**Q** 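Questions regarding the structure given below will be posed in turn.
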Amino acid sequence: MSVRVRFAPSPTGFLHVGGLRTALYNYLFAKHHKGRFVLRIEDTDRTRLVENAVENLIGSLHWAGIDYDEGPGKGGDYGPYIQSERLDIYKEYSEMLHEKGAAYYAFDTAEEIEEMRKREPSEQFTKYDRTSMKNELTLGEEETRKLIESGSSYVLRLKVPGNTIVVFDDLIRGKVEVNTAEIDDQVLMKSDGYPTYHLANVVDDHLMKITQVIRGEEWLPSTPKHILLYEAFGWDKPKFAHLPLLLNPDKTKLSKRQGSVAVEDFAKEGYFNDAFVNFIALLGWNPSSDREIYSIEELIDSFDIEKVNKGGAVFDRAKLEWMNFQYLKQKPSSELVELLFPILESKAMTGFAKDYLENVINLFRERIKFIKELPETAGYMFHSPGDYEKDYLDKHWRENTIEILKPLLEKYRQENDFSHTNLYELTKTYIEGLGMKMKEIIHPIRLMITGKSAGAGMFETMEVLGKQECIKRIEEFIKLKESKMI
RNA sequence: GGCCCCAUAGACUAAUGGUUAGGUCACCAGCCUUUCACGCUGGCAGUAGCGGUUCGAAUCCGCUUGGGGUCACCA
């Protein structure tokens, strides 16, 4: 049987980092086994719908490079893939469940249920008490039919069998056992005619021929209910794999309270999609013991669901940044420059040639974390320094600096080869001829040309800026200095 | 609190009965140097605890402790 897995988010906001990891593992699993990856939208809670959430979700998946084979906007043989468009299906199957005696109708109001829970003296576990409440079992068939026909609102509840052990074999955790005494008579169909997650996901996974259900650990406690449903329907069960949670630094479930969790926020911050995916993939699993950088193909190739860790993984920003930096270092400048264009444009720093910008990128790629830092960090590559670091100036500018500089400036003026190697040789020859050291002149030059104490190699910087610009800046500085403006 | 899941350094992980317990991030030191970085070298630091099984346990079993998840007409 060919592998079919699904990612089934509910459209209640943006794609969560944990959701992306779940989607990614499903994707890796599907691709590894040459199977199919299905996207299904679970929008059965009408009260939590968020406008454009589906588009957002798909957009984030797309950014991450996770492509689905079947789903909204793509179609497939098992659609529709949006649960609100499958209501008649759930109705049909819920009635089937009722006919089999595996579920019953109930008429309690929210208040009555709340009261029942309060009545329960134990602070342990308050199950729905099917023997004392207003439902098909206490009212009888006839009364039930009358109530339904008269338009009373009602739900369908799962009739959980008493005191039996439900067992399933989790692909990641192994054998899991739960006594049905611990399982509530879960609502399957809500009074608004929509199914709950429990019914919908079982019906859909069955009809969509899902072979492995790979989802977050938060679903582990409700899996026995799903097992009961498969058994009531008489269907084959898929295999289950419950992924460890992604955690905040304090080890609680990764949440918005402790920083950003929306995938699109990371995209906006400037993380590379491939670096981000690489990082996320390694939260809970690693294909080897001596590597951190993997292409998506390599991840697919080596993915093994049974090797996924059981314990939760803290989402560590520092390592994410490091990962991003690894990608920044090796990406071709032709790709990076495309990211730089819109950034410069937004700062009204336009008019630079592509080649020039690529040179700037190559000068700074090992000194920044994100391309968006360039207008700030490398501002002087786009305009004259404007101001000069006071401490740097005080430290490296001497009484005789100008005298030393003027003949050198003249040499620069007469030099046509502004390659960094030549500038280096030329400068070195001159300065050592005076019995001085390179650093005694390099810092003043850096100051005059960049205004900053930190930057790329000085002669490399001069090469990229070009002869004309360098000479102009030195002249400007000398003029300021001589007129005591600085 | 009941139930379920989990447990290798501060963080991510490798090692599926035999390793001096390996790698990465972070941190620290040194080197490189033209500043800042990068890079290189080295260092700090771990099998939660206690029993058991075994010639041999991070690995298997039990208990304890700790952490997490979940207990809705939400997913």
Side-chain angles (χ1 to χ4, degrees), chain A residues 8-12 42-48 83 106 108-110 113-114 117 122-128 153-157 170 172-173 176-179 181-184 186-192 194-198 200-201 215-224 242 244-245 247 249-253 279 282-293 306-307 309-323 325 329 364-368 377 392 395-396 424 427 437-443 445-447 450 452-461:
Chain A
S10 64
T12 55
E42 310 225 326
D43 59 345
T44 56
D45 183 353
R46 309 316 285 170
T47 66
R48 296 207 308 162
Q83 290 187 328
D108 318 277
T109 62
I113 288 175
E114 199 182 325
R117 295 218 165 94
S122 86
E123 284 178 9
Q124 300 188 352
F125 175 58
T126 52
K127 283 204 313 186
Y128 175 80
S153 94
Y154 63 93
V155 301
L156 184 73
R157 281 180 182 273
D170 191 279
I172 294 172
R173 286 149 215 285
V176 179
E177 295 185 33
V178 178
N179 191 310
E182 304 294 335
I183 303 174
D184 201 3
Q186 185 67 50
V187 169
L188 301 176
M189 288 295 284
K190 298 182 263 189
S191 56
D192 64 359
Y194 281 79
T196 59
Y197 169 84
H198 307 286
N201 109 84
R215 66 201 342 178
E217 189 184 343
E218 67 268 29
W219 293 110
L220 198 52
S222 54
T223 302
H242 289 92
L245 262 17
L247 272 24
D250 71 355
K251 304 260 187 184
T252 54
K253 191 168 154 184
F279 174 72
L282 267 30
L283 252 25
W285 167 72
N286 195 310
S288 63
S289 62
D290 55 2
R291 265 182 76 189
E292 303 291 327
I293 308 298
E306 297 191 18
K307 288 221 161 184
N309 270 292
K310 300 182 182 80
V314 173
F315 185 89
D316 179 18
R317 283 273 187 162
K319 189 156 181 182
L320 205 213
E321 286 195 5
W322 171 83
M323 181 71 79
F325 180 60
K329 277 195 296 183
F364 283 87
R365 65 195 313 156
E366 288 177 354
R367 279 165 252 261
I368 55 173
T377 308
Y392 192 49
K395 186 171 177 192
H396 294 285
Y424 175 82
T427 308
K437 289 189 174 143
M438 277 297 257
K439 56 173 63 173
E440 294 180 76
I441 195 65
I442 282 181
H443 292 297
I445 292 175
R446 180 179 296 285
L447 177 73
T450 75
K452 287 184 161 191
S453 59
M458 197 54 232
F459 300 112
E460 283 84 351
T461 302

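The structure displayed is predicted, hence computed values, not measured ones. In what follows, every chain begins at residue 1, and chains take the letters A, B, ... in the order their sequences are listed.
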**Q** Give me the distance, rounded to whole Å, that separates B:rG10 from B:rC73 when you measure between the C1' atoms they each carry.
**A**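 About 44 Å, rounded to a whole number of Å.
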**Q** Partner of B:rG51 by Watson-Crick or G-U wobble geometry, both contacts under 3.5 Å, or none?
**A**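 The answer is B:rC61, by the H-bond criterion.
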**Q** Taking atom types as they are modelled, is there a donor-acceptor pair under 3.5 Å from the base of B:rC73 to the side chain of A:S191?
**A**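 For A:S191, whose side chain was compared with the base of B:rC73, there is a donor-acceptor pair (under 3.5 Å).
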**Q** If pairing requires Watson-Crick or G-U wobble contacts with both distances under 3.5 Å, which nucleotide is the partner of B:rU41?
**A**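 Pairing partner: B:rA29.
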**Q** Students often get this wrong, so: under 4.0 angstrom with heavy atoms, is A:N309 touching a base, only sugar-phosphate, or nothing?
**A**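 Contact class for A:N309: sugar-phosphate only.
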**Q** Distance between the C1' atoms of B:rC60 and B:rU24, in whole angstroms?
**A**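 Comparing C1' positions in B:rC60 and B:rU24 gives a spacing of 30 Å.
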**Q** A:E42 near the nucleic acid: base, sugar-phosphate alone, or nothing, with a heavy-atom cut-off under 4.0 Å?
**A**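 Sugar-phosphate: the residue A:E42, judged by heavy atoms under 4.0 Å, touches backbone atoms but no base.
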**Q** Quick check for you: among B:rC5, B:rA11, B:rG69, whose closest atom lies nearest to any side-chain atom of A:L245?
**A**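 Of the options given, the side chain of A:L245 lies nearest B:rG69.
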**Q** Taking only side-chain N and O atoms of A:K307, does any of them lie within less than 4.0 angstrom of OP1 or OP2 on B:rA14?
**A**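 No, because none of the side-chain N or O atoms of A:K307 sits under 4.0 Å from OP1 or OP2 of B:rA14.
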**Q** Does this structure show an ion pair linking A:E217 with A:K310, if we count only N-O contacts that are shorter than 4.0 Å?
**A**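 Between A:K310 and A:E217 there is no salt bridge, as every charged N stays at least 4.0 Å from the carboxylate O atoms.
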**Q** What class does the angle between the rings of A:H443 and A:H396 fall in, given that below 30° is parallel, 30 to 60° is tilted and above 60° is perpendicular?
**A**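 Ring orientation, 0 to 90° scale: parallel.
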**Q** Considering only B:rU24, B:rU34, B:rC38, which nucleotide approaches the side chain of A:E292 most closely?
**A**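 It is B:rU24.
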**Q** Need one value for A:M438: base, sugar-phosphate or nothing, where a base atom within 4.0 Å counts as base even if backbone is also close, heavy atoms only.
**A**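 It contacts nothing in the nucleic acid.
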**Q** Could you tell me whether A:K319 and A:E292 make a salt bridge, using a distance below 4.0 angstrom between a side-chain N and a carboxylate O?
**A**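 Salt bridge: yes.
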**Q** Donor-acceptor pair under 3.5 Å: do we get one between A:K439's side chain and the base of B:rU34?
**A**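 No, the side chain and the base share no sub-3.5 Å donor-acceptor pair.
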**Q** What is the minimum heavy-atom distance between A:R365 and A:F325, and which atoms define it?
**A**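 A:R365 and A:F325 have their closest heavy atoms at O-CE1, 3.6 Å.
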**Q** Measure the distance from CE on A:M323 to P on B:rC12 and round it to the nearest whole Å.
**A**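 Spelled out: CE on A:M323 to P on B:rC12 is 14 Å.
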**Q** Going from OH on A:Y197 to NZ on A:K190, what distance comes out if it is rounded to the nearest 0.5 angstrom?
**A**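 A:Y197 atom OH to A:K190 atom NZ measures 13.0 Å (nearest 0.5 Å).
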**Q** Can you tell me if the side-chain N/O atoms of A:K190 get under 4.0 Å from OP1 or OP2 in B:rC74?
**A**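 Yes.
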**Q** Report yes or no: does A:T196 contribute a side-chain atom to a donor-acceptor pair with the main-chain N or O of A:V187 at less than 3.5 Å?
**A**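 Yes, because the side chain of A:T196 sits within donor-acceptor range (under 3.5 Å) of the backbone of A:V187.
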**Q** State whether the distance check finds a donor on one side and an acceptor on the other, under 3.5 Å, for side chain A:R291 versus base B:rU24.
**A**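 Flag unset: no donor-acceptor pair detected.
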**Q** Which atom pair, heavy atoms only, marks the closest approach of A:P249 to A:V314?
**A**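 What the structure gives for the nearest pair is CA-CG1, 3.8 Å.
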**Q** Sort out the partner of B:rU16 for me: Watson-Crick or G-U wobble, both distances under 3.5 Å, none otherwise.
**A**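 Partner of B:rU16: none found under 3.5 Å.
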**Q** Taking A:R157 for the side chain and A:A106 for the main chain, is one N or O donor matched with an acceptor at less than 3.5 Å?
**A**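 Looks like no, no N/O pair under 3.5 Å.
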**Q** When you compare B:rA72 with B:rU65, how far apart are their C1' atoms, in angstrom units rounded to a whole number?
**A**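 Going atom to atom, C1' in each nucleotide, I get 32 Å.
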**Q** As a test of reading the structure: which of B:rC74, B:rG23, B:rC12 is closest to the side chain of A:D45, going by heavy atoms?
**A**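 Shortest atom-to-atom distance from the side chain points to B:rC74.
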**Q** Between B:rG49 and B:rC55, how far apart are the P atoms? Round to whole Å, please.
**A**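 Result for the P pair: 24 Å, nearest Å.
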**Q** With heavy atoms under 4.0 Å as the rule, sort A:P287 into base, sugar-phosphate or nothing.
**A**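 If one applies the 4.0 Å heavy-atom cut-off, A:P287 turns out to touch nothing in the nucleic acid.
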**Q** Could you tell me how far B:rA7 sits from B:rC63 if I compare only their C1' atoms? Round to whole Å.
**A**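 Comparing C1' positions in B:rC63 and B:rA7 gives a spacing of 15 Å.
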**Q** Base, sugar-phosphate or nothing for A:T252? Non-hydrogen atoms, less than 4.0 Å.
**A**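 Since only primed, P, OP1 and OP2 atoms lie under 4.0 Å of A:T252, the category is sugar-phosphate.
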**Q** Describe the nucleic acid contact of A:R48 in one word from base, sugar-phosphate, nothing, applying a heavy-atom distance below 4.0 Å.
**A**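 Result for A:R48 = base.
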**Q** Between the base of B:rC36 and the side chain of A:R367, is one N or O donor paired with an acceptor at under 3.5 angstrom?
**A**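 Per atom types, the contact qualifies.
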**Q** Base, sugar-phosphate, or nothing: which does A:A456 touch, judged by heavy atoms less than 4.0 Å apart?
**A**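 Answer is base: heavy atoms of A:A456 come under 4.0 Å of a base.
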**Q** How many whole angstroms separate atom OH of A:Y197 from atom C1' of B:rC71?
**A**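 Atom-to-atom, A:Y197 to B:rC71, this comes out as 16 Å.
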**Q** In Watson-Crick or G-U wobble terms, both distances under 3.5 Å, what is the partner of B:rG2?
**A**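 The base-pairing partner of B:rG2, which may sit in any strand shown, is B:rU70.
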**Q** Counting any heavy atom closer than 4.0 Å, what does A:G216 reach on the DNA or RNA strands: base, sugar-phosphate only, or nothing?
**A**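 Counting heavy atoms under 4.0 Å across all strands, no contact is made by A:G216.
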**Q** Separation of A:E366 atom CD from B:rG39 atom C1', in whole Å?
**A**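 Rounded to the whole Å, the gap is 8 Å.
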**Q** Do side-chain atoms of A:K253 reach the backbone of A:E218 as a donor and acceptor pair under 3.5 angstrom?
**A**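 No.
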**Q** For B:rA9 versus B:rC44, give the span between their C1' atoms, rounded off to a whole number of Å.
**A**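 It works out to 10 Å between them.
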**Q** Reckon A:L247 touches a base, only the sugar-phosphate, or nothing at all at heavy-atom distances under 4.0 Å?
**A**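 No contact.
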**Q** Using a cut-off of 4.0 Å on non-hydrogen atoms, how would the nucleic acid contact of A:E321 be classed: base, sugar-phosphate, or nothing?
**A**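 Nothing: the residue A:E321, judged by heavy atoms under 4.0 Å, touches no strand.
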**Q** Side chain of A:A454: nearest nucleotide among B:rG23, B:rG39, B:rU35?
**A**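 So the side chain of A:A454 is nearest to B:rU35.
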**Q** Could you tell me how far B:rG69 sits from B:rA75 if I compare only their C1' atoms? Round to whole Å.
**A**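 Each nucleotide's C1' atom is 15 Å from the other's.
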**Q** OP1 or OP2 of B:rG67 versus the side-chain N and O atoms of A:K253: is any pair under 4.0 Å?
**A**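 For B:rG67, OP1/OP2 do not have a side-chain N/O of A:K253 under 4.0 Å.
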**Q** Is A:R157 touching bases, backbone alone, or none of the nucleic acid, heavy atoms closer than 4.0 Å?
**A**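 Answer is sugar-phosphate: A:R157 comes under 4.0 Å of backbone atoms only.
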**Q** Using the P atom as the reference point in each nucleotide, state the distance between B:rA11 and B:rA45 in Å, no decimals.
**A**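 The answer is 16 Å between these two P atoms.
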**Q** Within the 4.0 Å heavy-atom criterion, would you say A:V187 contacts the bases, only the backbone, or no part of the nucleic acid?
**A**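 Sugar-phosphate, backbone atoms only, no base.
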**Q** If you only use heavy atoms from C-beta on, which nucleotide in B:rU13, B:rU35, B:rA75 is closest to the side chain of A:S453?
**A**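 Side chain of A:S453 sits closest to B:rU35.
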**Q** Base, sugar-phosphate, or nothing for A:T44, non-hydrogen atoms under 4.0 angstrom?
**A**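 A:T44: backbone/sugar contact only, no base atoms under 4.0 Å.
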**Q** Using a cut-off of 4.0 Å on non-hydrogen atoms, how would the nucleic acid contact of A:G311 be classed: base, sugar-phosphate, or nothing?
**A**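 A:G311: backbone/sugar contact only, no base atoms under 4.0 Å.
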